[in-house]
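Let me begin by presenting the structure, written as structure tokens, before commenting on it.
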Amino acid sequence: MADILQHLNKEQRDAVEAYEGPVMVIAGAGSGKTRVLTYRVAHLLNQGIDAFRILALTFTNKAAREMKERILKLVGDGNARNVWMGTFHSVFARVLRSEGHRLGFPSNFTIYDSDDSKRLIKTIIKENNLDDKVYMPNFVLGRISAAKTNLITAAEYNDSFEIKQQDTMSGKPLLGKLYQVYANRCRRASAMDFDDLLLFTYILLRDYDDVLVKYQRKFQYVLVDEYQDTNRVQYMILKKLVANDENICVVGDDAQSIYAFRGANIQNILNFKNDYPDAREFKLEQNYRSTKTIVKAANSIIVNNKDQIFKEIWTRNDEGDLVQVMKAGTDIEEGRMVANAIFEQKMNGQLPNDAFAILYRTNAQSRSIEEALRKLNIPYRIYGGLSFYNRKEIKDLLAYFRLTVNNKDEEALKRVINYPARGIGKTSLQKIIIAADQHNLTMWDVICDAGKYALQINSGTLTRISEFVTMIKSFSVQLKTHSAFDLAKLITSSSNIRKDLFNDKSPEGINRYENVEELLNAIKDFTENEREPDPGKDDGGEVSENANSIRTLDEFMQDVALLTDADSQDKNSGDKVTLMTIHAAKGLEFPHVFIVGIEENLFPSIQSLGSRQDLEEERRLFYVAITRAEKKLTLSYAETRYRWGNTTICEPSRFLEEIDPKYIDFPRKPVLRIHSEAKTTSAQMPVPMAHRKLKKIKKGIVPPEGNGGFENANSDKIQPGQQVEHSRFGKGKVLTVEGEGASKKAAIFFNAVGQKQLLLKYAKLKIL
DNA sequence: ACCGTATTCAGCGCG
DNA sequence: TGAATACGGT
């Protein structure tokens with residue numbers, strides 16, 4: 001048992017063995033981060049520490065599940081099952097179910113997903129007769145979310161003179177009011193949004209000593225994965241939880257922080273040592289994933305960032321192939337080149353499809369790639385599209401379940417009161433909402449007693465409303481007496497959802513019907529499977545009070561809001577090429593990786609060019625993308641790209657120049673690559689012509705190509721000793737020139753940014 | 001109440 | 001371009 005540590009290298013072992021006190025592990029890409037976490041938990045268990053006292057927080061549910069499996073394998077006995085493991089949201093949602101009553105929330109509170117939040121905020125904006133061009137729902141939600149993430153409640157938001165002034169100056173003085181109304185509505189509906197799960201947890205720990213003490217005792221050892229992507233409220237929760245023993249271990253990589261745009265605070269990792277002066281820090285710098293070439297290429301990119309913890313990732317793996325760069329005329333051609341390259345590499349290496357991943361910056365880029373793959377009959381799977389739980393039919397059915405569990409859930413009520421159509425239309429609904437507001441009641445209260453509120457709804461509609469209420473009530477009373485599956489089945493039929501979907505015989509309709517069946521199957525599985533031991537019950541927790549009783553629908557609904565596609569996705573995986581955004585690829589690895597669309601204004605994204613921080617986040621994103629590759633990395637860019645219905649001219653990304661050219665294999669001539677397609681398409685001919693024509697049209701929008709004397713045509717003339725000026729790096733001196741033709745490169749020392757290796761083919765240099 | 005047409009918008013997305 | 005929503009006519 002003790003020799004599990006033999007599987008670890010020195011640094012990993014040190015990090016695992018230092019199990020008391022604050023520890024930070026800076027784990028470079030592919031350095032065995034997950035390994036350290038799993039072994040650390042295993043090690044804690046082997047030290048005799050009670051599994052119920054260990055809390056491991058992960059970034060996704062999937063990561064939690066996988067980690068749990070690995071630990072179970074390592075430790076052997078089932079004890080590891082009792083470790084609290086999950087995302088911040090799922091763990092603290094459970095805490096809130098048992099403690100939330102102190103804040104006025106019942107244990108059956110609903111969790112609003114972002115869709116619910118958006119509908120609600122839209123409703124509120126409309127109710128207040130505000131212009132949704134000024135108060136754009138997404139923007140308003142963003143503000144509210146940011147406030148919650150930074151521990152600012154609605155009351156505090158409205159009390160803050162500074163915030164008020166800021167909002168007034170930006171022409172949106174009513175943001176505070178909207179926040180307040182939104183919060184009131186959530187509360188009235190006994191609902192929390194995702195941010196509330198964290199904010200209320202923090203408030204609970206801050207204001208209720210007994211709660212704080214209870215959970216400090218419960219969570220004696222806390223581990224946090226992907227610490228670089230935690231935000232302020234998560235940070236504060238952790239700080240509260242571990243304040244006594246400081247047995248906290250955070251694992252992360254500042255170089256892979258890619259979620260600052262939604263509030264992740266990279267300072268959490270950079271400041272860890274200030275927060276915990278006794279903290280021990282371990283760096284995992286040996287990469288086990290990628291070839292030397294890939295590791296070094298990645299390093300040469302990330303050094304361009306200023307904000308980072310110094311580390312040097314290295315590997316004992318083979319040198320490997322050079323990073324291949326492909327240049328395409330158009331996005332269509334880029335797709336073809338990638339598909340052809342995969343086809344070739346598959347043949348040459350006898351590789352399965354799932355050895356390949358194609359990563360892109362934006363979802364919109366997947367289309368041209370998909371088409372090309374389809375033409376070559378290469379099976380693929382796209383991640384990040386509409387997830388199962390986001391489908392309309394699933395949400396509709398879940399809304400019935402939600403309303404059954406929590407009658408106050410207004411977003412659910414609005415969703416299903418007239419679906420399937422039962423003649424309770426928009427106007428009637430509006431009247432109900434107004435009455436609810438006037439009497440400060442929930443919509444449910446109003447429709448329960450519809451006669452009482454002088455709604456001015458005609459009697460036929462009133463009858464239908466009362467039938468609806470009766471139906472939902474009949475579901476609610478069966479919650480505790482029927483299994484989740486039985487009740488779900490009943491609801492599906494009694495609500496007429498089953499009939500409604502069954503009658504639709506279009507292919508989409510059939511698909512929807514099947515999806516509903518699939519959800520019911522999932523509930524059946526849930527009903528039949530044993531309940532996980534619930535560590536939420538007081539210490540020990542082995543025997544929960546209902547251990548032998550049936551599993552009910554409200555139990556099922558507790559988990560479902562926090563599930564995502566990841567759960568339903570892996571089972572039907574099969575041998576397919578993976579297509580996903582780089583964000584979605586975090587934490588994954590593939591033998592062969594293609595990163596497409598490496599162009600200025602796309603990657604880095606045009607929105608990131610304004611600030612150094614944003615640009616550095618894009619660079620980290622590129623770093624993450626590169627480090628997904630194990631064996632071979634291929635980068636591609638197109639000279640023109642169809643975007644928003646227009647063809648735009650593209651320049652290769654600055655990131656391409658930043659890669660040390662000695663790791664790059666240069667663009668192949670498109671002619672070589674598309675010959676196999678020559679007979680099936682005529683697209684290659686028009687390309688250059690269309691290209692030229694568009695250049696003229698777009699001249700005003702696209703950065704001038706001449707670039708004020710910054711040409712790359714004069715690469716022949718560049719010689720050591722010359723003073724040159726670069727369009728971005730400024731003035732510098734040429735140190736060496738090597739290579740020939742396309743691979744000709746120069747080492748140049750720039751006054752502003754230091755020494756750079758530049759590929760003269762790309763570099764826009766002016767000789768001074 | 002419902003359906004077809006006009007308009008708008010377009011970055012990544014954990015829970 | 002095309003998806004999602006708002007609007008206006010029946």
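Numbers restart at 1 for each chain; the letters A, B, ... are given by sequence-line order, proteins then strands.
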If you compare every side-chain N and O of [X] against the phosphate oxygens of [N] (OP1, OP2), does one of them come in below 4.0 Å?
| X | N | answer |
| --- | --- | --- |
| A/N61 | B/dG15 | yes |
| A/T581 | B/dG13 | yes |
| A/N363 | B/dG13 | yes |

- Partners of A/E617 by salt bridge (Lys or Arg N to Asp or Glu O under 4.0 Å), sequence neighbours excluded? A/R620
- Using the salt bridge (charged side-chain N to carboxylate O under 4.0 Å, His left out) rule, take A/R402 and A/D116 through it: C-alpha gap first, then chi angles, then the decisive distance, then the call. CA-CA 12 Å; A/R402 279 166 51 176; A/D116 298 315; 2.9 Å; yes
- Is the ring centre of A/Y259 less than 6.0 Å from the ring centre of A/F261? yes
- Item | hbond_proxy A/E618 side chain to B/dG11 base (donor-acceptor, 3.5 Å cutoff) | yes
Given atom [atom1] of [X] and atom [atom2] of [N], what is their separation to the nearest angstrom?
| X | N | atom1 | atom2 | answer |
| --- | --- | --- | --- | --- |
| A/Y623 | B/dC12 | OH | P | 24 Å |
| A/K118 | C/dA6 | NZ | P | 10 Å |
| A/L57 | B/dC14 | CG | C1' | 13 Å |
| A/K586 | B/dG15 | NZ | C1' | 12 Å |
| A/L359 | B/dG11 | CG | P | 19 Å |
| A/N390 | C/dA4 | CG | P | 11 Å |
| A/D115 | C/dA4 | CG | P | 11 Å |
| A/D195 | B/dC14 | CG | P | 14 Å |

- Message: Could you report the tightest heavy-atom contact between A/G423 and A/N418, atom names first, then the distance?
- Response: N-OD1, 3.1 Å
Among [options], the nucleotide that comes nearest once only the side chain of [X] is considered:
| X | options | answer |
| --- | --- | --- |
| A/K122 | C/dT5, B/dC12, B/dC14 | C/dT5 |
| A/R367 | B/dG15, C/dG2, B/dC12 | C/dG2 |
| A/H89 | B/dG13, B/dG15, B/dG11 | B/dG15 |

- Task: Pull out every residue in residues 257-270 of chain A that has a heavy atom closer than 4.0 Å to any atom of DNA chain B, ordered by number, or say none.
- Result: A/Y259, A/F261, A/R262
Do side-chain atoms of [X] reach the backbone of [Y] as a donor and acceptor pair under 3.5 angstrom?
| X | Y | answer |
| --- | --- | --- |
| A/S117 | A/D113 | yes |
| A/N150 | A/A146 | yes |
| A/Q234 | A/L198 | no |
| A/N406 | A/S190 | yes |
| A/R628 | A/V624 | yes |

- Query: Does the salt bridge (charged side-chain N to carboxylate O under 4.0 Å, His left out) test come out yes or no for A/R654 and A/E599, once each step is laid out?
  - Reply: CA-CA 8 Å; A/R654 68 187 71 193; A/E599 294 141 30; over 6 Å; no
Return the polar atom pairs (N/O with N/O) between nucleotides 1-7 of chain B and the protein under 3.5 Å, or none.
unit_1	atom_1	unit_2	atom_2	d
B/dA1	OP1	A/G425	N	3.0
B/dA1	OP2	A/K426	N	3.3

- Heavy atoms under 4.0 Å, any strand shown: does A/F88 hit a base, just sugar-phosphate, or nothing? nothing
- With sugar-phosphate meaning primed atoms plus P, OP1 and OP2, does A/T362 contact a base, only sugar-phosphate, or nothing at under 4.0 Å between heavy atoms? sugar-phosphate
- Item | B/dG13 versus C/dA4 - spacing of their P atoms, nearest Å | 15 Å
